[in-house]
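When a residue number appears, it is its place in the shown sequence, counting from 1. Order of listing sets the numbers, starting from 1, for every ligand and every atom in it.
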Amino acid sequence: MAKIEEYETIVGKGVVHELRLLAERLQGKSVQHVNSTAVGGGVAEILNRMVPLLREIGVDTRWDVIKGGEQFFQVTKKIHNALHGVEEDITPEQWDIFWETGKRNSEELPCAADIVFIHDPQPIALVNQKEARRNKWLWRCHVDISRSQSAVFEPLLDRVKQFDAAVFSAPAFAKRIPVRQFLIAPSLDPLSDKNKELRANEVEEVLGKYGITSEKPIITQVSRFDRLKDPVGVIEAFRKVKRHVDCQLVLAGGSASDDPESVEVLEQVKQFSEGDRDIHILLMPQNDIHINALQRASAVIVQKSLREGFGLTVTEALWKGKPVVASAVGGITVQIKHKYHGLLCHSVDGAALAIRQVLQNPEYANWLGGNGREHVRRNFLVTRHLRDYLLAFLSLYKAEDIIYL
Ligand code: UDP
């Protein structure tokens, strides 16, 4: 794993020096992250890098994952969808499962660090420990809750109010809630296996493993098999593009252990692709180098989500200098200014048109990719994210209200 000094070549010495200074101010304070899955999805992706880096700069940090059965994760998936604004009916029995599992986890998992950092709604019930422990609690919401279903958000809000502060990814995601708020965008790690530079032969090798040719342009969407990522919509767009340009589609995704719907969605996607030899549906184990290589081999990266949190796959594609065609939802709009960092779309037709446009104009595609990479370098690298977290931690011990963008 990359050492903190290695980031100096990308972001400059000053940035790394500042991280060390901030970390020094946190001496004596411990931080505990809690979420619901160790692998799969953007939250785990970030924590896997954030936690070792915090430790390396001297912040005493641990990461715990709550446990839950299938029924618990069925409810949390519904809660996730409802927070994104999708109509979901959660029965009183299902709420009971949610709170009971939360309570059980709280009994089994002591949250004794000075700063407890709860990610998303799944572990939110653990905040019942706060009163007795008198430590600081942050709720990190990775979801765009601006359109959330109020019947689902209200019961959660009772718990959110108990936190010292809530962290959202962007202003548009937040809601008026009676809790201090920080705005902190997610990030990627440029030196991780997912994002580091790869040699051309390494990329070729991975393509070979999956039986994909580099002879035809590759259109790729990397995502968990989730309805909100609209894999079927991606296939529809691909078919429209295919009438004009000979190309192939890669839908690469694993599943997250807290996502029970993925098997069903994958089945639907397989049926919908009807054995088309130019559509590669890759159900992959967590393999960062393979994802990296597929993204690098692509002529266009698509993220046709119907709803999105931040959309780390978009960040990853932009960092690799790829032209990105993505839906104008959630955090994607923070990452892409239309026609400057990539192309935003609102429909299958819009996506198809945009994909054709970049496939048929390599110069334009390169220009978009270059702008996108610079945008990520300035705003969405892990060093910026670390700095924002350190400042947020420090400000928990100060009375004044500071909001970071
Ligand atoms: N990812 C992965 N393998 C997969 C699917 C996704 O490694 O099969 C990674 C992807 O590269 C990204 C993260 O999981 O880093 C997905 O984050 P995003 O914010 O795009 O979506 P989420 O899954 O959190 O909704």
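Cation-pi geometry between Arg140 and Phe310 is not met: the NZ or CZ atom fails to fall both under 6.0 Å from the ring centre and inside 45° of the normal.
Near Thr313, meaning under 4.0 Å from any of its heavy atoms, are these atoms of ligand 1: 10 (C), 12 (C), 20 (O). Residue-ligand proximity, Glu316 to ligand 1, at heavy-atom distances under 4.0 Å covers atoms 10 (C), 11 (O), 12 (C), 15 (O). For ligand 1, the atoms closer than 4.0 angstrom to any heavy atom of Lys194 are 2 (C), 7 (O), 9 (C), 10 (C), 11 (O), 15 (O).
Salt bridge annotation for Glu374-Arg378: present, with a cationic side-chain nitrogen under 4.0 angstrom from a carboxylate oxygen. At a threshold of 4.0 Å, the pair Glu5-Arg20 counts as salt-bridged, since one of the basic side-chain nitrogens sits closer than that to a carboxylate oxygen. One finds a salt bridge joining Arg296 and Glu197 here, because a Lys/Arg side-chain nitrogen approaches an Asp/Glu carboxylate oxygen to under 4.0 Å. Using a 4.0 Å cut-off between charged nitrogen and carboxylate oxygen, Asp144 and Arg307 do not count as a salt-bridge pair.
The distance criterion of under 3.5 Å between nitrogen or oxygen atoms is met by Leu312 with respect to ligand 1. Checking only distances, Met284 never comes within under 3.5 Å of ligand 1, N or O to N or O. Considering backbone and side-chain atoms together, Gly42 places an N or O closer than 3.5 Å to an N or O of ligand 1. Taking any N or O of Gln295, backbone or side chain, none lies under 3.5 Å from an N or O belonging to ligand 1.
Classification of the Trp139-Phe163 ring pair by plane angle, with boundaries at 30° and 60°, yields tilted. Below 30°, between 30° and 60°, or above 60°: for Phe72 and Phe98 the angle between ring planes is below 30°, a parallel geometry.
Between Lys229 and ligand 1 there is a heavy-atom distance shorter than 4.0 Å. At least one heavy atom of Gly311 sits closer than 4.0 Å to an atom of ligand 1.
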